[in-house]
Undergrad: 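One structure follows; several queries about it will come next.
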Amino acid sequence: MRKKIVAGNWKMNKNLAETKALLSELKTKLTGSTDAEIIVAPTFTNLHSAIEVLEDSAITVAAQNMHQAKNGAFTGEISADMLKSIEVKTVILGHSERRAYFGETDKLLAEKVNAALEHNMTVIFCFGEELQDRKSNNHFSVVENQLKNGLFHISSGDWKNVILAYEPVWAIGTGETASPEQAQEMHAFIRKTISEAYDQQIADEVSILYGGSVKPNNAEEIFAKSDVDGGLIGGAALDTESFAAIVEAI
Ligand code: PGA
């Protein structure tokens, strides 16, 4: 049985005091409330404190990005080893904002994936089409290419450390959500693509999250779809009540 997961991508929000306050509330609110895996991804500067606050809870902490090199002259960057040294074992890679605003290509992402997997980290690999891709009916091929070019070089054994997050760019932060049917259709396509490139067992076991304007009022119907295993939540993850409501919807 594949895992149900709700992950909160906090993006560039919350200073240290705000991070600690939100995490303390989440810890109280969510303890024992679900069997799903809960992940939060605060900013780099607050990861260490997040680990400390969540020490005795089931909520785990992820980074929002990571550099592909082991170490070296890369001013401003953070390595896998640095993350592991503060007990961060999960990293979000390939978010559409990283692709769009920071020029991250499939090739670069493939290198980041390798660095994370070599450090035995779990990768939440994000991908998804833009509005014009969907309008021109190219959304399936765009998604297939993102997967093939950024991820499908990994070995069969590495899939146990991969979580997928399908996030149509047109639905991120826009209030416009893919319909549950659109999400299901794409998630089923993703599983089929994996089964063709690898095998059915890997396709069946990988958790595929949906992301893009998931809110308390739409989470339940999206999560109810058979190939949707949870969500990657942006805006609604910044508030205790709304994140808890989404977790409860799974
Ligand atoms: P959103 O963001 O929930 O605010 O649309 C989702 C994401 O970017 O992961």
Side-chain angles (χ1 to χ4, degrees), residues 4-14 18-19 22 26 30 36-44 46-47 50 59-66 88 90-104 109 112-113 116 122-131 133-134 139 142-143 146-147 150-151 162-180 182-183 186-187 190 207-223 225 228-250:
K4 298 269 185 202
I5 300 166
V6 180
N9 173 14
W10 292 13
K11 309 191 182 184
M12 197 171 74
N13 293 293
K14 306 280 180 196
E18 292 162 347
T19 298
L22 178 53
L26 286 175
L30 296 175
E37 192 173 324
I38 304 168
I39 303 172
V40 289
T43 60
F44 281 128
N46 297 327
L47 289 174
I59 305 173
T60 59
V61 175
Q64 298 173 20
N65 178 34
M66 192 192 85
V88 173
T90 304
V91 62
I92 298 172
L93 293 176
H95 191 278
S96 66
E97 288 149 18
R98 299 294 318 169
R99 293 176 189 258
Y101 307 143
F102 302 96
E104 296 199 358
L109 291 169
K112 291 192 176 199
V113 166
T122 295
V123 173
I124 302 177
F125 187 80
C126 306
F127 53 94
E129 82 282 1
E130 297 190 21
L131 186 57
D133 302 321
R134 186 161 278 266
H139 45 299
V142 166
V143 161
Q146 287 173 326
L147 287 171
L151 193 64
V162 173
I163 297 164
L164 298 179
Y166 167 59
E167 300 203 303
V169 179
W170 48 272
I172 296 179
T174 59
E176 179 145 356
T177 328
S179 68
Q182 285 173 320
M186 184 58 89
H187 284 219
I190 293 161
S207 295
I208 310 179
L209 314 185
Y210 168 80
S213 298
V214 177
K215 307 283 177 212
N217 64 1
N218 60 22
E220 197 167 340
E221 53 174 2
I222 296 171
F223 295 163
K225 291 295 177 190
V228 178
D229 304 306
L232 180 56
I233 320 300
L238 297 171
D239 172 80
T240 306
E241 295 305 320
S242 64
F243 191 62
I246 292 170
V247 168
E248 273 151 31
I250 200 151

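Just follow the structure's listing: the first ligand is 1, and inside any ligand the first atom is 1. For the numbers below, each heavy atom of this structure counts, side chains included, while hydrogens, waters and symmetry mates do not.
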Undergrad: Is there a polar contact between ligand 1 and Lys215, counting only N or O atoms under 3.5 Å apart?
TA: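 N/O-N/O distance under 3.5 Å: no.
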
Undergrad: Atom 9 (O) of ligand 1: which protein heavy atom is closest, and how many Å away?
TA: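 Looking only at protein heavy atoms, the one closest to atom 9 (O) of ligand 1 is Glu167 OE2, 2.6 Å.
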
Undergrad: Is the side chain of Asp239 donor-acceptor paired with the backbone N or O of Ala236 at a distance under 3.5 Å, no angle test?
TA: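 Looks like no, no N/O pair under 3.5 Å.
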
Undergrad: Other residues, nucleotides and ligands only: do more than 12 of their heavy atoms fall within 6.0 Å of CD on Glu18?
TA: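 Check passes, neighbour count above 12.
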
Undergrad: Looking at Leu209 and Ala7, what are the two nearest heavy atoms and their distance?
TA: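 Result for this residue pair: CD1-CB, 4.5 Å.
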
Undergrad: Does ligand 1 come near enough to Thr174 that some N or O of the ligand is less than 3.5 Å from an N or O of the residue?
TA: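 Among all N and O atoms of Thr174, none is under 3.5 Å from an N or O of ligand 1.
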
Undergrad: For Pro216 versus Ile246, what's the shortest heavy-atom pair and its separation?
TA: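 Closest pair (atom of Pro216, atom of Ile246, distance): N-CG1, 3.7 Å.
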
Undergrad: Would you call the rings of Tyr166 and His187 parallel, tilted or perpendicular, where under 30° means parallel and over 60° means perpendicular?
TA: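 Rings of Tyr166 and His187: perpendicular, over 60°.
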
Undergrad: For ligand 1, which atoms, with element, lie under 4.0 Å from some heavy atom of Gly173?
TA: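 This gives 1 (P), 4 (O), 5 (O) as the contact atoms.
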
Undergrad: Could an N or O of ligand 1 be found under 3.5 Å from any N or O of Ala236, whether backbone or side chain?
TA: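 For ligand 1, there is no N or O atom that lies under 3.5 Å from one belonging to Ala236.
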
Undergrad: Quick check on contacts: which atoms of ligand 1 are under 4.0 angstrom from a heavy atom of His95?
TA: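 Near His95, meaning under 4.0 Å from one of its heavy atoms, ligand 1 has 7 (C), 8 (O), 9 (O).
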
Undergrad: Please check whether Glu97 reaches ligand 1 - meaning an N/O of the residue sits under 3.5 Å from an N/O of the ligand, judged on distance alone.
TA: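 No.
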
Undergrad: Under 3.5 Å, N or O to N or O, is Gly211 touching ligand 1 that way?
TA: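 No: no nitrogen or oxygen of Gly211 is under 3.5 Å from one in ligand 1.
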
Undergrad: Among all the protein's non-hydrogen atoms, which is closest to atom 3 (O) of ligand 1, and how far away is it?
TA: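 Minimum-distance protein heavy atom for atom 3 (O) of ligand 1 reads Gly234 N, 2.9 Å.
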
Undergrad: Looking only at the side chains, is there a donor atom on one of Glu129 and Trp170 sitting less than 3.5 Å from an acceptor on the other?
TA: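 Looking only at side-chain atoms, Trp170 and Glu129 do form a donor-acceptor pair, the distance falling under 3.5 Å.
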
Undergrad: Given Glu167 and His95, is the side chain to side chain contact (heavy atoms under 4.5 Å, CB included) satisfied, shown in steps?
TA: CA-CA 8 Å; Glu167 300 203 303; His95 191 278; 3.3 Å; yes

Undergrad: Looking only at distances, can you tell me whether any N or O atom of Ile172, backbone or side chain, sits closer than 3.5 Å to an N or O atom of ligand 1?
TA: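 It does not: no N or O of Ile172 is found under 3.5 Å from an N or O of ligand 1.
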
Undergrad: From atom 4 (O) of ligand 1, work out which of Gly235, Ser213, Ala237 has a heavy atom at the shortest distance.
TA: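 The option holding the nearest heavy atom is Gly235.
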
Undergrad: Out of all atoms in ligand 1, which are within 4.0 Å of some heavy atom of Ala171? Include the element for each.
TA: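 Contacts of ligand 1 toward Ala171, numbered from 1: 5 (O).
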
Undergrad: Classify the contact between Ala165 and ligand 1 as side chain, backbone, both or neither, using a heavy-atom distance cut-off of under 4.0 Å.
TA: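 None of Ala165 does.
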
Undergrad: Could you check if a side-chain atom of Leu22 sits within less than 4.5 angstrom of a side-chain atom of Trp10, using non-hydrogen atoms only?
TA: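 When only atoms from C-beta onward are counted, Trp10 and Leu22 do touch, with a gap below 4.5 Å.
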
Undergrad: Does Gln64 use its side chain to pair, donor to acceptor, with the backbone of Lys11 at less than 3.5 Å?
TA: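 Flag set: sc Gln64 to bb Lys11 pair under 3.5 Å.
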
